[in-house]
There are 2 protein chains.
Amino acid sequence: MDIIISNSSDTPIFKQIEDAIYEAICNDDLKENEMLPSVRALANDLKISFLTVKRAYDELEASGFIKTIPGKGSFVAPKNLDLIKEEKLKQIQDLLEQVYQISKVSNISTKEVQELFQIIFEENE
Amino acid sequence: MDIIISNSSDTPIFKQIEDAIYEAICNDDLKENEMLPSVRALANDLKISFLTVKRAYDELEASGFIKTIPGKGSFVAPKNLDLIKEEKLKQIQDLLEQVYQISKVSNISTKEVQELFQIIFEENE
DNA sequence: TCCACTGTTATATTTACTATATAACAGTTA
DNA sequence: TAACTGTTATATAGTAAATATAACAGTGGA
């Protein structure tokens, strides 16, 4: 698992770690029940304090994505992919609703929004 | 002009003020060349420091939405409709970037997102 | 000119958050 | 027992947000 963190970022380090692991779990780069690096090991790799890693793990556990067992380690929680996907679709729907509201209030045509959509989704392929 | 701020919010107070005034300008609740409340007056209303209000006004001036004249006050800048539209397009772009990120992380196809897009933009016509 | 308003600037302080270092404690397993 | 695991407590440093206070300067009416 390769995590890249930036201390010049406006996102806190613990959050960057949290996001990276969350993404890895969603992409199945981290499988169910797979053990995560120990807080100290990952802290060493990233040259940061183990407390910062622990903070990230704590957040992930609170969200239900990993399970930590004292003395053993932290493990990817059994996941419900359908549930995650449903939740994600809902998030996307909410964001698109916001887009619609802004475009409507500001007289920005559907066509213009669609063009932005195309650009963003194509340039990242 | 009624601005509601929350000190329990994760958004800084100066940013909440900034956003509220920005929205008021975009919605034409604040007209061109209209005088804004003085930093001290608004600070009194909101029971906060005038420095926090000044911070918000400074940001708005830097963005070109208001114009401050020492000794006189702060005024809504002559509206640059292009500027506002650019801002709105930027907001939409940011939201679409979020949509893209979520779809990418969650392995949701562009096609699925496009379908959601169609539904939302069509059902409101 | 005086006064009451306007914005500006400088300094110091408080609070919260992020991140760190260090040490000690406890569970797991070979 | 040794070497891992996670946990907890304490103290410290840096930063950002917000505050309080005071002094300074421009505007405009009485």
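All of these numbers come straight from a predicted model, not from anything done at the bench. Throughout, protein chains are lettered first and strands after them, A, B, ... in sequence-line order, and every chain is numbered starting at 1.
Note on A/Glu112 versus B/Lys85: salt bridge recorded, some NZ/NE/NH1/NH2 to OD/OE distance being below 4.0 Å. Salt-bridge formation is detected for the pair A/Arg55/A/Glu59: a Lys NZ or Arg NE/NH1/NH2 atom is positioned less than 4.0 Å from an Asp or Glu carboxylate oxygen. A salt bridge links A/Glu115 and A/Lys111; the closest N-O separation between the charged side-chain nitrogens and carboxylate oxygens is under 4.0 Å.
Classified by interplanar angle (parallel below 30°, tilted 30° to 60°, perpendicular above 60°), the ring pair A/Phe65/A/Tyr22 is perpendicular.
In this structure, B/Lys67 places its NZ atom where only 12 or fewer heavy-atom neighbours from other residues, nucleotides or ligands lie under 6.0 Å away.
Taking for each of B/Ile48 and A/Gly73 the nucleotide of DNA chain D with the nearest heavy atom, the 5'-most of the two is the partner of A/Gly73. Nearest-nucleotide positions on DNA chain C for A/Phe50 and A/Arg55 put A/Arg55 closer to the 5' end.
No donor-acceptor pair closer than 3.5 Å links the side chain of B/Ser106 to the backbone N or O of B/Ile108.
Atoms NZ (A/Lys54) and P (C/dT20) sit 15 Å apart, rounded to a whole Å. Atoms CG (B/Leu51) and P (C/dA12) sit 15 Å apart, rounded to a whole Å.
A pairwise comparison of heavy atoms in A/Ile21 and A/Tyr57 identifies CD1-CE1, 3.5 Å as the closest pair. Of all heavy-atom pairs between B/Lys79 and B/Ile84, the closest is CD-CD1, 4.0 Å.
Dashed line: the shortest gap from a side-chain N or O of A/Thr52 to OP1 or OP2 of C/dT18 is not under 4.0 Å.
Taking a 4.0 Å limit (strictly below) on heavy-atom distances, residues 5-17 of chain B does not reach DNA chain C anywhere.
Of all nucleotides in DNA chain D, those with any atom nearer than 4.0 Å to a heavy atom of chain B start and finish, going 5' to 3', at D/dA17 to D/dG28.
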